[in-house]
2 protein chains.
Amino acid sequence: MATLKEVALRAQVSTATVSKVLSNTPYVSEETRARVLRAVAELGYVPNLAARALSKGRTYIIGVVFPYNYDHLFADPLITTILEGIETVCTEQGYNVLIVTPRAPVIESAQYQRLAQSGYLDGLITIETLPDTPASTIPEQLGYPWVALGYRSALGNLNTIQSDDFAGAKEIAAYLIGLGHRHMGIITVEETDLAAAARRMSGYRSAFENAALNFDQVPCERGSFSVESGYQAADKLLARTPHPTAILCLNDRMAIGAIQRVWAAGLQVPQDISVVGFDDIPSAAYFAPALTTVRQHAEEMGERAAQMLFEIIGQRASDNRRGTTQTPSGFKPIVFPSELVIRSSAAPPPGRSLESLRR
Amino acid sequence: MATLKEVALRAQVSTATVSKVLSNTPYVSEETRARVLRAVAELGYVPNLAARALSKGRTYIIGVVFPYNYDHLFADPLITTILEGIETVCTEQGYNVLIVTPRAPVIESAQYQRLAQSGYLDGLITIETLPDTPASTIPEQLGYPWVALGYRSALGNLNTIQSDDFAGAKEIAAYLIGLGHRHMGIITVEETDLAAAARRMSGYRSAFENAALNFDQVPCERGSFSVESGYQAADKLLARTPHPTAILCLNDRMAIGAIQRVWAAGLQVPQDISVVGFDDIPSAAYFAPALTTVRQHAEEMGERAAQMLFEIIGQRASDNRRGTTQTPSGFKPIVFPSELVIRSSAAPPPGRSLESLRR
DNA sequence: TTGTACGCGTTATCAG
DNA sequence: CTGATAACGCGTACAA
């Protein structure tokens with residue numbers, strides 16, 4: 001662990017000169033530059049980041065925050081894919097990624113709060129899966145760079161990257177309706193467990209109302225994201241007579257659970273009952289039947305979030321340079337389209353072929 | 001962003017005193033302690049981590065390194081599960097996790113090398129999925145705390161956490177043999193792509209030899225981890241006449257691909273052909289047929305790795321305190337058992353019921 | 001073109 | 001029990 005001073009000693013110059021060489025400042029003679037560089041190489045000198053951070057006020061670390069309560073969030077392919085997108089861009093830009101996972105409600109997580117205020121992070125990207133206690137509140141109050149992925153409830157949507165949950169849900173519900181389904185069931189989650197839940201539900205509702213179907217009479221059960229919970233919820237849905245001919249699930253894992261339950265009843269998907277999901281996790285494509293679902297552009301969303309953050313960091317830096325203290329108004333929300341992926345877990349209801357529909 | 005100095009000013013004491021109060025040093029009068037604490041609260045003071053790191057030589061950040069080449073490693077549930085285990089323990093211990101993903105061969109990744117030497121990390125956990133260029137080489141040479149998950153090839157296995165790939169592979173192969181299979185195929189990967197590949201292959205071999213079967217004549221195709229590549233590899237295996245009655249896959253995703261290919265041939269799993277995997281990824285349980293595979297204790301392995309790292313960091317610290325500069329010899333490798341998970345993707349070969357085997 | 005000297009925010013070592 | 005003061009390693013005005 002050689003230091004600047006040691007390099008300076010060896011190259012017979014001052015530490016200031018070494019520093020200048022290393023930061024590519026002009027006005028250094030070729031000769032000394034070469035001598036310094038050689039000393040650096042010989043000593044295997046690497047700048048101490050803690051010292052640099054202290055001096056420059058920049059750590060080149062950005063924090064990715066994902067609160068979790070109910071479930072292992074790392075088990076959610078959507079989250080890890082977003083993370084991958086973020087990580088890619090950060091690495092490109094020479095930034096490092098610190099993962100921050102407040103276990104408790106964000107507001108109560110002292111650890112998170114301290115970290116956010118510790119000056120260790122140049123910025124934060126929060127993955128807001130939960131409503132009510134957005135993790136972005138903290139950096140927002142502290143006035144430093146942040147971007148949120150998801151919904152911030154009543155707080156407005158500046159600096160936010162979202163997936164168009166409403167449109168995606170509406171589209172897939174309309175698709176089922178178009179196939180001829182009239183008796184459907186829904187497997188959702190507690191709205192307190194997923195900020196996007198409400199949007200998806202209103203997407204469904206919108207499709208139903210467009211078709212003059214009464215959404216409020218649609219049987220609706222709650223799961224908790226997992227395959228098992230989907231199984232349980234489907235169990236209740238199937239107990240009804242007549243049972244629904246199609247089930248809309250708020251995520252793919254619950255859809256897979258629901259399908260298991262349909263099988264357990266001795267029924268076929270999609271011949272007897274159609275089941276659709278949401279998210280398009282990797283296994284959705286390989287499940288049999290391959291899941292009809294809604295794709296979210298998770299990796300791109302992660303990348304875009306990181307890019308937005310760097311724009312904010314950059315503009316903040318240039319503001320400082322010219323002494324402007326204008327509070328930036330924030331970026332307009334970016335909404336990524338979500339797209340219906342038609343595979344083979346949905347079909348017209350039994351006794352109602354596509355042909356008959358066309359008549 | 002209040003500083004120590006501001007707190008000191010407000011509490012009418014010196015910065016040294018504030019520091020003592022905050023680090024719970026005894027020998028501070030109750031009265032001043034209270035005054036300081038109040039000032040801290042009023043100012044919302046949070047220590048600056050960069051400054052603390054510089055002064056104490058400790059950052060409370062540990063790096064988790066996972067090299068990747070061929071594939072999106074974030075898409076590998078095994079890796080993210082390990083990461084989750086690591087993260088849990090680190091958070092408990094008040095450490096933060098920085099993710100480090102050298103894209104190039106580790107040796108050539110300047111970014112990784114610099115980070116490792118920057119003094120920004122208190123320790124490293126490397127996930128060694130690839131042979132030949134273990135990421136742990138760097139911290140090892142630099143002489144600072146590290147733990148490796150996986151295999152370090154010829155470098156020895158000190159400070160290593162492993163899954164018993166050999167035993168797991170042997171067990172699942174023996175299971176198929178026990179079901180009566182005699183003509184099997186294997187879908188593996190390039191040994192340069194996965195350090196564990198060789199162990200699993202020798203596990204298979206061992207089972208075959210125990211049953212007096214010639215392992216070298218077993219048809220063997222290579223995939224590249226993905227579902228698609230499993231499909232392609234199975235394609236070649238099925239082209240043989242007679243085709244194998246069972247396929248051993250080196251991971252679950254390829255097994256799922258292989259099953260798809262079997263279906264495409266109009267055959268059933270496991271009635272016509274048995275297919276087994278390795279890893280027990282979450283979707284293995286929900287796939288239909290549910291995958292018979294080998295479970296690895298990924299989360300526990302991650303947790304154990306973090307614990308081992310903290311033991312090393314701790315002992316290093318106490319060595320320093322008493323001036324001992326003994327080079328620690330390192331921990332013995334910890335091998336986690338892997339276990340056969342019997343579900344429903346394997347059965348006796350056609351025309352050979354379990355009954356007939358017992359005769 | 002180069003060097004001096006100070007500041008960044010903490011911790012730690014001493015005197016007092 | 002408390003308070004100066006010196007590190008920690010780097011960046012950077014400012015001076016030379």
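Reminder, nothing fancy here: chain letters follow the sequence lines and each chain counts from 1.
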By nearest nucleotide on DNA chain D, pick out whichever of Tyr27(B) and Ala51(A) is the more 5' one.
-> Tyr27(B)
Side-chain touch Thr80(B)/Glu84(B), heavy atoms, less than 4.5 angstrom | no
In residues 4-22 of chain A, which ones come under 4.0 Å of DNA chain C, going by heavy atoms?
-> Val13(A), Ser14(A), Ala16(A), Thr17(A), Lys20(A)
May I ask you to check whether over 12 heavy atoms, not counting those of Gln12(A), lie within 6.0 Å of atom CD?
-> no
Gln117(A) CD to dT10(C) P: how many Å, rounded?
-> 12 Å
Kindly state each residue pair satisfying salt bridge (charged side-chain N to carboxylate O under 4.0 Å, His left out) with at least one member in residues 114-124 of chain B, sequence neighbours excluded.
-> none
Which nucleotide span of DNA chain D, 5' end to 3' end, has atoms closer than 4.0 Å to non-hydrogen atoms of chain B?
-> dC1(D) to dG9(D)
Where Leu124(B) and Leu309(B) come nearest, the two heavy atoms and their spacing | O-CD1, 3.9 Å
Does any N or O in the side chain of Glu128(B) come within less than 3.5 Å of the main-chain N or O of Ala135(B), such that one atom is a donor and the other an acceptor?
-> yes
Numerically ordered, the residues 30-42 of chain A set in heavy-atom contact under 4.0 Å with DNA chain D is none
Enumerate donor-acceptor pairs with a distance under 3.5 Å from any side-chain N or O in residues 36-43 of chain A to protein atoms, sequence neighbours excluded.
| residue | atom | partner | partner atom | Å |
| --- | --- | --- | --- | --- |
| Glu42(A) | OE1 | Arg10(A) | NE | 2.5 |
| Glu42(A) | OE1 | Arg10(A) | NH2 | 3.0 |

Expected output: side-chain Ser118(B) to main-chain Tyr120(B) donor-acceptor under 3.5 Å | yes
Please confirm whether the backbone N or O of Ser29(B) pairs with a side-chain atom of Thr32(B), one donor and one acceptor, at under 3.5 Å?
-> yes
Please list, chain by chain and in numerical order, all residues satisfying salt bridge (Lys or Arg N to Asp or Glu O under 4.0 Å) with Glu300(B), sequence neighbours excluded.
-> none
Does CD in Gln93(B) sit with more than 12 non-hydrogen atoms of other residues, nucleotides or ligands closer than 6.0 Å?
-> yes
For the pair made of CG in Leu54(B) and P in dA12(C), what is the distance, rounded to whole Å?
-> 13 Å
First encountered from the 5' end of DNA chain C, between Val28(A) and Lys56(B) | Val28(A)
Hey, which sits more toward the 5' end of DNA chain D by its nearest nucleotide, Ala50(A) or Ser29(B)?
-> Ser29(B)
Would you name the heavy atoms of Pro102(B) and Val100(B) that are closest together and state the gap between them?
-> CD-O, 3.5 Å
